[in-house]
Structures are given as structure tokens and as C-alpha cells.
Amino acid sequence: CGFGAAVLTTIPGIESVACCLLVPVAAGFSIGLYKKSHPDILKIQTGTGVLLGLLTGVFAALFASAFEVILTFITKTNDLIVAMPQTEKLIRDMNLGQAAEESLKVLRQMANEIQSKGFSFLYSVMITLANLITYTIFGMLGGVLGTAIINRRSNQ
């Protein structure tokens, strides 16, 4: 289910709702598949739902990050490149001083690496960590909700 959610994140427009919609739905599907594979279980424990949601989130994050890196390598562009002018303007408008200039230097270096080589190690690490954090949190939430829904249907 996590792999399926990761594949859907490559579709433009859908990627913006990946963490808060696709991953919880995928976690819910994983709970449903778990219930179908264990028909003798009358009620799925909440801990099992959280664990399945966590695993769904981890798989979705790793595969989505891999797809992002591959697409960035092929196209030599991504959302960072597109948003760079607005990001620079926003950071300059905030007047944060030397720390902001250092941050901009790192962002420009990542953007230059992506545009020239198609790959930036720092960008790959950052996108993977960000996906791992958000996808696992929303995966666990989806696991809890999926468990509640499956258990309610089982009781009826």
C-alpha cells in the first residue's frame, strides 16, 4: 500500500495531498488487507493499526523519495528550482541577517547541483527525512482510523 501511495505522489497535483490524504488512505487499505489475510481475528488491536500505518508511511516515504530523486535526475529540475526566486525574496524580506544569507547559499548550491548534474546529495537527504517524518505520522493516524473503521464494520 505504501508503494502504491508513493507511485501516486509522482502525479503532478496529487503530490500536494500525498502526506495528508494518500498515506492515511493507504494505511487504511493496509489494515483492510491485514484483516482479509487474518479472517479469524475478530478485532484488530490499535497497536497493530499503528504499526501497519507506520510501516505504510515508511515504505511510502522511501519510495516517494526515490521516485523524486530519479525524476529530478532525469529532468534536472524540481519544486526547489521552481520556488527558488520566491524563496530568495521571502528570506530577504524577513531581514534575518547572516543566517539567512548562509541558508540562501546552501539553497543556491543545491539548485545549481540539480540543474547541472541532476542530483544533490543534500537535497536527497532533506527530502527523504521530510517524507519520513510526515508520512509516518500521517500513516500512523491512518492506521488508527482504519483500525477503528474496520473494527466498527466487524462489530456490525
Does T136 reach the main-chain N or O of L132 with its side chain, forming a donor-acceptor pair under 3.5 Å? yes
Identify whether V106 and L80 are in the same connected component of the hydrophobic contact network (ILVMFWY, side-chain heavy atoms under 4.5 Å). yes
Ring centre gap for F59 and F3 strictly below 6.0 Å: no
Quick one: pull up CZ in F67 and CG in N131 and give me the separation to the nearest 0.5 Å. 12.0 Å
Using modelled atom types only, decide if a donor and an acceptor are shared between the side chain of N78 and the backbone of I81 within a distance under 3.5 Å. yes
CD1/I127 to OG/S120 distance, rounded to the nearest 0.5 angstrom? 11.0 Å
I11 atom CD1: more than 12 heavy-atom contacts under 6.0 Å: yes
Ring pair (Phe, Tyr, Trp, His ring centres under 6.0 Å) pairs, two or more places apart, involving residues 100-139: none
Given L55 and S30, is the side-chain contact (heavy atoms from CB on, under 4.5 Å) satisfied, shown in steps? CA-CA 9 Å; L55 291 173; S30 70; over 6 Å; no
I need the H38 NE2 to I44 CD1 distance, nearest 0.5 Å. 9.5 Å
Any donor-acceptor N/O pair, N151 side chain to K43 backbone, under 3.5 Å: no
Find the distance between CE (M84) and CD1 (I114) and round it off to the nearest 0.5 Å. 10.0 Å
Taking every non-hydrogen atom, the tightest pair across V23 and G57: CG1-CA, 4.1 Å
Got a second to check how far K105's NZ is from Q98's CD, nearest 0.5 Å? 7.5 Å
Restricting to non-hydrogen atoms, name the atom on G13 and the atom on S16 that form the minimum distance, rounded to 0.1 Å. O-OG, 2.9 Å
Within one Ile-Leu-Val-Met-Phe-Trp-Tyr cluster: I31 and I41, side-chain cutoff 4.5 Å: yes
Report yes if some heavy atom in the side chain of L107 is under 4.5 Å from a heavy atom in the side chain of T87; otherwise report no. yes
With side chains defined as the heavy atoms from C-beta onward, is the minimum distance between V50 and V144 less than 4.5 Å? yes
Does a sphere of radius 6.0 Å around CZ in F73 hold more than 12 heavy atoms from other residues, nucleotides or ligands, not counting ones at 6.0 Å or beyond? no
Please report the interatomic distance CD1(I91) to CG(L104), rounded to the nearest 0.5 Å. 4.5 Å
Less than 4.5 Å apart, any side-chain heavy atom of L33 and any of C1? yes
Shortest non-hydrogen contact from A27 toward G139: CB-O, 3.3 Å
Exercise: do T46 and T147 side chains pair donor with acceptor under 3.5 Å: no
Under the salt bridge (Lys or Arg N to Asp or Glu O under 4.0 Å) rule, collect the residues that match up with E88, sequence neighbours excluded. R108
Are V7 and F63 connected in a single hydrophobic cluster, I mean Ile/Leu/Val/Met/Phe/Trp/Tyr linked by side-chain heavy atoms less than 4.5 Å apart? yes
Please determine whether residues L52 and I150 belong to a single hydrophobic cluster, defined as Ile, Leu, Val, Met, Phe, Trp and Tyr linked transitively by side-chain heavy-atom distances below 4.5 Å. yes
